[in-house]
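Reviewing the structure listed below.
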Amino acid sequence: MSNQATLTKKDFQSDQEVRWCPGCGDYVILSAIQKHMAEVGADPSKVVFVSGIGCSSRFPYYMNTYGFHTIHGRAPAFATGIKAANPELDVWLVTGDGDAMSIGGNHFIHALRRNLNMNVLMFNNQIYGLTKGQYSPTSPEGKKTKTSPMGAIDRPFNPISLALGANGTFAARTLDTDSKHMAKVFSAAHNHQGAAFVEILQNCVIFNKDFYNDTVAKDVRAEKTIDLIPGEKMIFGTESEKGLRVNGWDVEVCSAEEADVWDPGTDSSAPAFLMSQMDDDPNLPMPLGIFRQVEATCYDKAVNQQIDEAVANEGPGDLKELIWSGNCWEID
Amino acid sequence: MSNQATLTKKDFQSDQEVRWCPGCGDYVILSAIQKHMAEVGADPSKVVFVSGIGCSSRFPYYMNTYGFHTIHGRAPAFATGIKAANPELDVWLVTGDGDAMSIGGNHFIHALRRNLNMNVLMFNNQIYGLTKGQYSPTSPEGKKTKTSPMGAIDRPFNPISLALGANGTFAARTLDTDSKHMAKVFSAAHNHQGAAFVEILQNCVIFNKDFYNDTVAKDVRAEKTIDLIPGEKMIFGTESEKGLRVNGWDVEVCSAEEADVWDPGTDSSAPAFLMSQMDDDPNLPMPLGIFRQVEATCYDKAVNQQIDEAVANEGPGDLKELIWSGNCWEID
Amino acid sequence: MTTIQQPGSELPLQQLESVVIRFAGDSGDGMQITGSQFTMTSALVGNDLATLPDFPAEIRAPVGTRPGVSGFQLQFSANDIHTPGDAPDVLVAMNPAALVVNLSTLKPGGLVVVNTGSFKATDLRKARLETNPLEDGSLDGFRVIPVDINQRILDALADSELSKKDKARCKNFYTLGLMYWVYSRPLETTMEWLAVKFAKKPDLVDANQKALQAGYNAGDIHELFQGRYEVPKTDALPAGTYRNINGNQAVALGVVAGAQLAGLRPVLGSYPITPASTILEELAALKRFGVITMQLEDEIAAVCAAIGASFAGCLGVTSTSGPGMALKGEAMGLAVSAELPLLILDIQRAGPSTGMPTKVEQSDLLQAVFGRNGDTPMPVLAASSPADALEVTIDACRIAVEFMTPVIFLSDNFIANGSEPWLLPDLDTLKEFPVEFATNPEGHQTYKRDGKGSRPWVKPGTPNMAFRIGGLEKDTDGNISYDPDNHQSMTDQRHQKVQNVANTYPPTEVVGETKGDLLVLGWGSSKGIITQATIDSRQAGRRVSRVHLRNVWPLPNDLDEVFDGFKAILVPEMNVGQLARVLRSEMPHHNFISYSKVTGQPFLVSEITEKIATILEN
Amino acid sequence: MTTIQQPGSELPLQQLESVVIRFAGDSGDGMQITGSQFTMTSALVGNDLATLPDFPAEIRAPVGTRPGVSGFQLQFSANDIHTPGDAPDVLVAMNPAALVVNLSTLKPGGLVVVNTGSFKATDLRKARLETNPLEDGSLDGFRVIPVDINQRILDALADSELSKKDKARCKNFYTLGLMYWVYSRPLETTMEWLAVKFAKKPDLVDANQKALQAGYNAGDIHELFQGRYEVPKTDALPAGTYRNINGNQAVALGVVAGAQLAGLRPVLGSYPITPASTILEELAALKRFGVITMQLEDEIAAVCAAIGASFAGCLGVTSTSGPGMALKGEAMGLAVSAELPLLILDIQRAGPSTGMPTKVEQSDLLQAVFGRNGDTPMPVLAASSPADALEVTIDACRIAVEFMTPVIFLSDNFIANGSEPWLLPDLDTLKEFPVEFATNPEGHQTYKRDGKGSRPWVKPGTPNMAFRIGGLEKDTDGNISYDPDNHQSMTDQRHQKVQNVANTYPPTEVVGETKGDLLVLGWGSSKGIITQATIDSRQAGRRVSRVHLRNVWPLPNDLDEVFDGFKAILVPEMNVGQLARVLRSEMPHHNFISYSKVTGQPFLVSEITEKIATILEN
Ligand SMILES: Cc1ncc(C[n+]2csc(CCOP(=O)(O)OP(=O)(O)O)c2C)c(N)n1
Ligand SMILES: Cc1ncc(C[n+]2csc(CCOP(=O)(O)OP(=O)(O)O)c2C)c(N)n1
Ligand code: SF4
Ligand code: SF4
Ligand SMILES: [Mg+2]
Ligand SMILES: [Mg+2]
């Protein structure tokens, strides 16, 4: 990305003390991103981290790049302005499940449909961390918190399904406990031209500790999850012995040999959606990895292209000419 | 629904002059709803029409029921309060593609995931009518309007896909030129316990005249659309000679005999999503009718059930007791 | 008994100083076009003029109803005029609804040109009239010219291939032709305009041109009028090149000009709303100027995208009206805290909540000055007319970049849609205010202030200057700080910075004596009306002067001194006394008299002169 | 040289009138619990008291750092007190960060109890200290009691099965025990509290109780102190039953009580935000009272849902803090226009934008009064203390339903999280204000006003009463109207209605003489501090009186007359003079002196007395 290939992870660390709770999943994600930046040889002066409000949204302060810690839920809108103003900037959005899917839901879906060329890292801890533990739009039905003492009655969003419903061009899921997987997903997202949505399952050790352990704890993960790898067979299981394949309207477990090859780049996003819906089926593994990855018009580029085109077609605007245009008359 | 079975369509007309442009699709929809109300014997005093702002949102003024013409995009939030406060009310939300999917996108998706027991009629004319013809989030890419003189560069939402991505329990599509189809869809929506989302393709004769004619004009409709009828085979074509069936990850055209039976009630909403994505495929018909229809917790009922439960378990609250609870001490 | 005007054979040409004419018809009758064409032609003739378009609420009302009436009033004059006129001399009424809705404003004895072809029973019913105003005495005391325009247009276009309906649609040009004849205006401008407008539909050019000519000829042939009039060209206007411009067009030009003077690319984030929408539309058409416009999902996204653009080193702009302003408050606070330039264009409309979106009011002033959480000061400017809007917009851009602050620009529906002759500015005389981005890390601090209290602007992408900012309280380095003294100090600094803006204002101009019995202090679109009212009052011997306030916040430093010269200060506003409240809170020792009007209509000159008279006589 | 306190053998019991103690430690050290327990015990002993919790910003800072310091200050007294005290007599510091952050506020010669176990090199580094304050002279001039609490707690719990880490977590109760000993407080209350709190974990009950006892015993055994103190019970408090309550709890109770008095179901729409969140949490726990709480997707949805609930015939309520208020402006305007009751609870926090969310400020006042598009008047009330919050909330409910209007209730972080002894009210004396819904179509009009200017409330579901309302301007029947006179009239009616609210206020109470040199006018949470300051000033012979303003808008009718009795009116506020601005704009002829403090910290009594002195000496 630049000639600064000699930079190390440390060069992406700012001088500010990192202030998350000890044990918080955010630390590992921060470290993974800093490492990723160094590895791809990013130029810190071309990178902007934009965030809303939440524990996760403190992220920009810890990156030795440009950063804008904005207001709750609106980061995608700020990013839209930043990218449109300067498509050269490498924009990363850091947000939480509350920031992105509660107050910020609208900006989130619109940024995805516009396919703004940026990376959206959503730290999904299924809770509002910063405000001390209320349920979020990704908390499961029945979740008991201070604001849902008898259990939440709201049916949650499935973040990947929502992103696909919003016409997103890239959607992936990864895990704060797996630095390698994060690295792989971050690279794919970074390479994607367009809005790359990455859901990161993140442990809030204070208010929703280990919420994901039933699915992703070391001992169950191989059986309970599947890694969607573009162009590879959909295989899972402790011995990689199982696979997934479509059958009619459904997807079903089969042997590894019988497994279908995963293609996140089909014209229709229906296959990706089918995968995302497996989360709700106890008989099927929860997918991680790349759900969707297709090319489409990027808003920020197109905005600027139209300007170039207009200039090419009509010549650069001359203000005097513009003012003097129309029906003028003289008084003397 | 009530004992007022003798009411006629006229009884649902208010005394206010209807003020849409001559030829606007809104008239037919208004008439269809008034007819529907009379047919199901609705009690006007139990019905509330809630709307945002837009041409379509003037709707409540023309219904001789309770009505609340609120602010732009927020109707689902008002409806949430109304239904939670009184689940007995029969709440209808009238909104436009701008009102529901642009400024109101977040409330829209949240109302769907919460499955508020109401009917959402979204008049989709793919344009902002009231503000005189700017492109909307459902306008196709390239659409030229006053605010997109070189063509819109925003990739549009597919309203049905978005509703499904938001975990909606009912999604259907109908057409302002087909009163019978509207009647059928309105009935299904009205019967649905939960948030019934109905996209109505509506002609804005002033700013987006006949935008849908390529697909739904009389002469092409049979070939270019398909009516999704729960429990029936998916059949279309001038002679009803064609059908649809799934094949692997895709859906394909087949003969009427080979057609699959349509089931909008599967556990996963992936089949419905697959159908919704056909809109973008020029080789497949655009579906009308019922995409999805499943039962789930209704927010408004659950809110009130928790109260009943709390009262049943802990006894009705006694304010004095509450105040006197905790560590009290006497001073004398 | 209605006085029906009999055609006479003598047609004297009478000179008039000023005429106020109002065209009124159904929304579908093309009255706005008729009015604009009359305006354009009058401008080219060399009159001074002022216009007042007045169109119906947003939804197209059914044809022929009162809510469907669309009006366009203009005053054209041989003198220096300042308003579209309180009461029309002439009313052109295309149908019964247009007649009854507008009749009450007409001058006693005024002229009514009515399209009798639209006074059938059904027409009367649509206008909710029980009797025919042409016959029931409603028009007693006016001079009435009945013309069956519906029929005349068909006659005039008898040879045309157009459908009957299409022919009928030409009736506004017939009417315009008739009025051109009455006021001795040339037809050329409109003829040319039609040729360009319908370039692709020659049959329409032809039909409309014929209609115009036929109307004109009708004046001669049918001897409808007792006389013709002439309003000579004015000497009051300064020499130069003129064109018509409405307020929203001027703002769009102002944004482009302001950004050029700053050396920045303007980036507009907006969401359509009446009456601000056309700013977005105007700017969207200026892509060749490098203007980026983004129609976003709502007003919050719009302002946030604009702030994002400023963060990235462009000039962020957002345009909206009252309800949209209310939504932007939180984000505006971030711009204050982060100290980023931002231009917020609020084209005010009437009422709380949705109110009356197509009507005029000035009731967003308090919201503009105070409507945010926390102590969140922000400069506020207001335009006084379409042409002034350009200058004020440019000045707002200057303040935004010079002081690294969001700036609110207030206009209203009257300015936005009204148009006036605009003396084209000499662009070379405009003062540049080029932005210098900080690039040198040496000694640089994110919130280190210059002499004006402003901070450096760093453009992301600049090597070795990476910074992090946000809405939490921060210290001079931009790092988060909860230190009590720091918060006090940053709060004070933000306030002082905005106060410093007043040091860059030109001296307040008092029109009239600097000492007197009453000062009339106006702001925004009432300027013309107040100007006329103070001229009239001075002519009536009253010791009245006038100040127009362009900078609503912070107030000019010399205002206190100006006020010292007067016993009282009258503050007419189209709201419930909002500026008066601000003035009192800042300078409580002066005697402010609030004059409030909240009808969705501009003040009349007579209302103000009478108010002045009442005050001075008591 | 640091004065190290040597253990003495004599332990005299000394009587004190008041003590201000501050517990300070790391966020993880349990200082808030320690403080509350001390409070509770002191209350039961019969002291008057006032507390000031002061916890760090929202994110848990790393252990041992300055930003991670959590403090709890309380004053307990044998007299009538009004504040948590300006400067602590005693500082309990659990680590170096807590010591350095708080030392500057300590009284000269004050007592410092320090946990020397946490003063290792790493601890000092975390607190960014180069030298050890125990050794570098920082504590010169204070009386220091060094205790290695880290070690003592391990010793005390040597027999326990708990892990070392869990044992260490009991050190706050050891510390509390020690302070109980010093101030001769009984252990029972805390012992019982522990038993209930950890009912499910007997080993924790046991360990913490042991820790408490050990700390208490340490006072005797280790002879750390020169003496013990006693603060006798106060006579100042009226007789009755008391409990501690914090402001957000009180508001929650007030909502339930207010709704009951109106005969309505309360429906809260909210979105979490610091420091308002706990209102939602408190009310969510009260479902058996029929309270509906909805946590919605954002603040806009929250207020809209609340308005929807009011539309449906319930009492709609929404709770938030500054940034959330900014977002609600547009919807609040709809409630004004539709004229629906609504209670808007704004728990203010510091700063523009995100600011300093856990700090105190009163800077949303102008936003509350003016922060909406159009002329959109709305009553605004402010609570002065946790206990007062209940009454004010109830009164806000009354105004909302009596006048069919949204009402804003202002509180702040100091009230929300502070707690005070609350004399439990006799519920039977509370006046009901039952709502009567309109059910009779005869002569009914949607906006027909009663004597107070209020309109009828119809509950959807009522036969034959169907109506349509909205945010467009409407006539008395509720139908859309763009009529100019109607808009003027409705605007006036809405204003008058809100003004009429002032007719229902009790007379303004002047504390002190009704004539004097200076009136101190306060609002909100500074009441206690201002009360103390005026008492002190009067004792110093100054002619100072005090008024506390509960109704910020509309202002009380008799205020003008009250002000007439004074040469000047001092308005201390934790903002940049917002109330002073409102007062000046309403009553410009009085001499208001704004005293502004914007540090995120409450005023000190001494700051106000000094300000008074300065004013009166000049
Ligand atoms: C306008 C506004 N509303 C509410 C808040 C309070 N708030 C801050 S962060 C947050 C939610 C945080 O949850 P999430 O986005 O999941 O982030 P996390 O803390 O879990 O990383 C809320 C409600 C705010 N700062 N601003
Ligand atoms: C807060 C706010 N922003 C913007 C507007 C202006 N506005 C009114 S309706 C509308 C869009 C209308 O489009 P749609 O919802 O598709 O309805 P239609 O008129 O097409 O039926 C807009 C932008 C408004 N009234 N309020
Ligand atoms: S509260 Fe949860 S999400 Fe926030 S920093 Fe602590 S562990 Fe992390
Ligand atoms: S503008 Fe379009 S949508 Fe609105 S009333 Fe007219 S035809 Fe209908
Ligand atoms: Mg979260
Ligand atoms: Mg539309």
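Numbers restart at 1 for each chain; the letters A, B, ... are given by sequence-line order, proteins then strands. As the structure is a computational prediction, the values presented were derived from the model and not from experiment.
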Sequence neighbours excluded, the answer for side-chain contact (heavy atoms from CB on, under 4.5 Å) partners of D:Glu188 is D:Pro186, D:Glu192
Heavy atoms from other residues, nucleotides or ligands near CD of D:Gln445 exceed 12 (cutoff 6.0 Å): yes
Between [Y] and [X], is there a side-chain heavy-atom distance shorter than 4.5 Å?
| X | Y | result |
| --- | --- | --- |
| B:Ser45 | D:Thr462 | no |
| B:Ser325 | D:Arg243 | yes |
| B:Tyr61 | D:Ile469 | no |
| B:Glu17 | D:Asn479 | no |

Requested in this report: Quick one: sort the B:Tyr66 and D:Phe467 rings into parallel, tilted or perpendicular, breaks at 30° and 60°.
Outcome: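 Perpendicular: the ring planes of B:Tyr66 and D:Phe467 meet at over 60°.
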Kindly indicate, with the supporting measurements, whether the criterion salt bridge (Lys or Arg N to Asp or Glu O under 4.0 Å) is fulfilled by D:Arg288 and B:Glu309.
CA-CA 8 Å; D:Arg288 66 186 190 282; B:Glu309 249 177 70; over 6 Å; no
For chain B, which candidate among [options] shows the most heavy-atom pairs at distances under 4.5 Å?
| options | answer |
| --- | --- |
| D:Ala306, D:Gly240, D:Gly470 | D:Gly240 |
| D:Val267, D:Asp298, D:Val256 | D:Asp298 |
| D:Arg265, D:Glu297, D:Met465, D:Met40 | D:Glu297 |
| D:Gln260, D:Glu330, D:Lys233, D:Lys459 | D:Glu330 |
| D:Gly313, D:Ala338, D:Ala309 | D:Ala309 |
| D:Val291, D:Leu390, D:Ile300 | D:Ile300 |

Pick one of side chain, backbone, both or neither for [X], based on which atoms fall under 4.5 Å of a heavy atom in chain D.
| X | answer |
| --- | --- |
| B:Gln306 | both |
| B:Tyr299 | side chain |
| B:Asn64 | both |

With a 4.5 angstrom heavy-atom cut-off, could you sort out which part of [X] is near chain B: side chain, backbone, both or neither?
| X | result |
| --- | --- |
| D:Gln249 | neither |
| D:Pro238 | backbone |
| D:Leu286 | side chain |
| D:Leu315 | neither |
| D:Val458 | side chain |
| D:Ala331 | both |
| D:Leu334 | side chain |

To the nearest 0.5 angstrom, please state how far the [atom1] atom of [X] sits from the [atom2] atom of [Y].
| X | Y | atom1 | atom2 | result |
| --- | --- | --- | --- | --- |
| D:Leu423 | B:Ile331 | CG | CD1 | 8.5 Å |
| B:Ile53 | D:Leu472 | CD1 | CG | 6.0 Å |
| B:Ile323 | D:Asp426 | CD1 | CG | 10.0 Å |

Next on the checklist: For B:Val311 and D:Phe289: C-alpha separation, side-chain torsions, deciding distance, then whether side chain to side chain contact (heavy atoms under 4.5 Å, CB included) applies.
Outcome noted: CA-CA 8 Å; B:Val311 173; D:Phe289 286 84; over 6 Å; no
Kindly give the heavy-atom pair with the smallest separation between [X] and [Y], and that separation in Å.
| X | Y | result |
| --- | --- | --- |
| D:Leu424 | B:Cys328 | CD1-SG, 3.9 Å |
| B:Ala85 | D:Ala312 | CB-CB, 3.8 Å |
| D:Arg468 | B:Ser14 | NH2-CB, 3.7 Å |
| B:Ala77 | D:Ala301 | CB-CA, 3.6 Å |
| D:Ile292 | B:Ala84 | CD1-O, 3.3 Å |

Measure from the side-chain N and O atoms of B:Trp329 to the backbone N and O of D:Ala43, and report whether any donor-acceptor pair falls under 3.5 Å.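 Flag set: sc B:Trp329 to bb D:Ala43 pair under 3.5 Å.
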Pairs of heavy atoms under 4.5 Å with chain D: top-ranked of [options]:
| options | value |
| --- | --- |
| B:Leu322, B:Thr70, B:Val50, B:Asn106 | B:Leu322 |
| B:Lys320, B:Lys83, B:Gln16 | B:Gln16 |
| B:Asp318, B:Thr65, B:Thr80 | B:Thr65 |

From the list B:Asn86, B:Leu89, B:Ile82, side-chain contact (heavy atoms from CB on, under 4.5 Å) with D:Pro460 holds only for B:Leu89
One pair to check against side chain to side chain contact (heavy atoms under 4.5 Å, CB included): D:Leu296 and B:His110. What are the steps and the verdict?
CA-CA 8 Å; D:Leu296 289 144; B:His110 280 268; over 6 Å; no
Give the intermediate values and the outcome of side chain to side chain contact (heavy atoms under 4.5 Å, CB included) for residues B:Asn313 and D:Lys287. CA-CA 11 Å; B:Asn313 296 343; D:Lys287 296 201 200 301; over 6 Å; no
